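Written below as structure tokens is the structure these notes are about.
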Amino acid sequence: MRAPLPRLGVGLAYQAPLSAIFDAAPCDVDYVEVVPDIFWTDRGADAVPRHLDDDAGLARMRELHARMPVVPHSIGLSIGSAAHFDRDHIAQIERWRGRLDFPWHSDHLAFHLADHGGQRINAGITLPLARDRESLDLLAPRIREVQRSVPRPFLLENNVYYFDIDDGEMDEATFLNTLCRESGCGLLLDLHNLHTNALNHGFDPMAMLRALDLSNVGEIHVAGGMALDGFWLDAHSGAIPDEVWTLLDWTLPRCPNLGGVTFEVFGSWVESVGLARIREDLRRLRAAWARHLPAPAHPPIRAHAHEAHVAHACEAHA
Amino acid sequence: MSLAHFQDAMVRLILDPDFRDRVAAGDDVPGSELDARETARLQRIARDPGLGINRTLHKGFRLGKLRGLLPFTCRVLGTRRLCDELARFWRDHPPASFYFLPEAVDFCDWLVQRRLRLRYLDDVVAYERATLELERARTGPPPVQLVRFRHDPTALLAALSQGRRPRGIPERPCVAAARVDAQGKAVWTLHVRDAYNSTPSSDPPQAPHLVGATEVATRKVSPVT
């Protein structure tokens, strides 16, 4: 990663049923992470304009942005697709930077778009890339283009995979280290993905953590999951399991460029997990952050953005 | 383009169980488009139990979106019929986007073309399709939607919105018109297509999805009250 990220602290992935947490004062989170794609409609490559924002959703993000940083975590780029590289999507992310001036942004190290018979197919789930030189050569120039188009640090998330392409030229840690070094991107280290992959494929997650260059880690994801048909799923369906806390406690003090730790819970599971339990995990995350890293301090770029936002609001009401 | 073909084949393993089975058995590998390493990888993936998890997640996500967009249509179809029809529909309609409203509209059109002999289905499909058209992201206001009901829409939609499968809904041919008001809310106006009832009701229908409707015995769309 070419530049350290501002140290924000502990974040929560945005879901409408979590509004009580975001709107509380004092608030248990330092920033909100959002999948921006849910707040616009992509009408397809032939439509003009292609992307239409959801006014209500964007207004909600602006409201939150007045109180805390908003960090986009997109699902739409499919950066590993050999047949597609979606520059319109990157331009839409850049439009959102103009609106929310985020400190960094991220997407998934995977692909979900393919072509069949000239028709675009969206698998709807993130699929693994082969850990080969061919993949690195595909990804690195694309990452550099994202960085040129959206002048904020760009992170890619280590993928969860239920089947693996297990004869790659590199192991996963070597692949991630090489990708970050050659492209300049940062790593969004999803510890629940790592835990899930380790359980399903029978490897030691600590061995992979020890092999990773943790100076590349700009953000950490934590979450809970569930069992199905003999597999552990990255379902974002529960509180953070003990195994992930153990991974986090080892990792956190070893990431010198970390910007934040984000807790992910899907909205459909909020009721069964319970807001009280989610708050409990957020407070434990903040305690871990405070133990291992300096207190959150909003970076200058955020302060400028906030001042500009307030000034704009004042003008609008004058 | 070998990598693009490999990724296409990987996605097809998830979408198409027949293709998966043929690849796993070594009967169908697009060998001319893949190199030897990709071919071997594809066959290992086809035999990997983790592929089944991906298929379950893919189908669950797609089905969940459709049920959310077409709740009444899914209820009228019932679980078994819905699964049968979706299996047929999905065979010819691969998923194209994370945005499922166009797919839901296509499924409505496909169901109409199927001419299924299922009571209330045509009414409900037409109603939900119109609702989706009003919600579709577009740069201007959506066109007014007209829905021809064969059965009493008030009773039909009330039953469905209460989570019940409709039974014994009387025939009552009528037309409902829908538009979006200045606040972006759908406003429905109902009128009887023919002088089916000799005495027009002075009370607007109370179904929750026909808010503000006025019933008149005329072919014209009534002003919203």
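Note that the structure is a prediction, hence the values are computed from the model and not measured. Here is the naming used below: chain letters follow the sequence lines, and residue numbers restart at 1 for every chain.
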Atom group of [X] that falls short of 4.5 Å from chain B, counting heavy atoms:
X	value
A:Asp37	both
A:Ile121	both
A:Ser135	neither
A:Leu129	side chain
A:Leu127	side chain
A:Asp167	both
A:Asp132	side chain

**Request:** Please say which of B:Phe89, B:Trp90, B:Phe100 ends up in a ring pair (Phe, Tyr, Trp, His ring centres under 6.0 Å) with B:Phe107.
**Result:** B:Phe89
**Request:** Determine the option with the most heavy-atom pairs under 4.5 angstrom with chain B, choosing from A:Ile75, A:Asp54, A:Asn200, A:Leu228.
**Result:** A:Ile75
**Prompt:** Based on non-hydrogen pairs under 4.5 Å, which of A:Ala47, A:Ala114, A:Ala235, A:Gly76 is most in contact with chain B?
**Reply:** A:Ala114
What part of [X] gets within 4.5 angstrom of chain A, counting heavy atoms only: side chain, backbone, both, or neither?
X	result
B:Pro49	both
B:Tyr99	side chain
B:Leu51	both
B:Asp8	both

**Asked** side chain to side chain contact (heavy atoms under 4.5 Å, CB included) between B:Tyr127 and B:Thr73: does it pass, once the steps are laid out?
**Response** CA-CA 9 Å; B:Tyr127 168 74; B:Thr73 298; over 6 Å; no
**Prompt:** Can you tell which of A:Arg142, A:Arg133, A:Arg144 makes a salt bridge (Lys or Arg N to Asp or Glu O under 4.0 Å) with A:Glu182?
**Reply:** A:Arg133
**Complete:** Among B:Gly50, B:Ala137, B:Ala40, the residue with the most heavy-atom pairs under 4.5 Å to chain A is B:Gly50
**Message:** Heavy-atom pairs under 4.5 Å with chain A - which of B:Arg136, B:Met10, B:Lys65, B:Arg62 has more of them than the others?
**Reply:** B:Met10
Is the shortest side-chain heavy-atom distance between [X] and [Y] below 4.5 Å?
X	Y	value
A:Gln15	A:Val265	no
B:Pro142	B:Glu135	no
A:Arg120	A:Leu113	yes
B:Pro143	B:Arg138	yes

**Asked** For residues A:Glu157 and A:Asn193, is any side-chain donor paired with an opposing acceptor at under 3.5 Å?
**Response** yes
**Message:** Can a side-chain donor-acceptor contact be found between A:Asn159 and A:Thr126 if the only test is distance below 3.5 angstrom?
**Reply:** yes
**Asked** Has A:Arg99 got its NZ or CZ under 6.0 Å from the middle of the six-membered ring of A:Phe39, at an angle within 45 degrees of the ring axis?
**Response** no
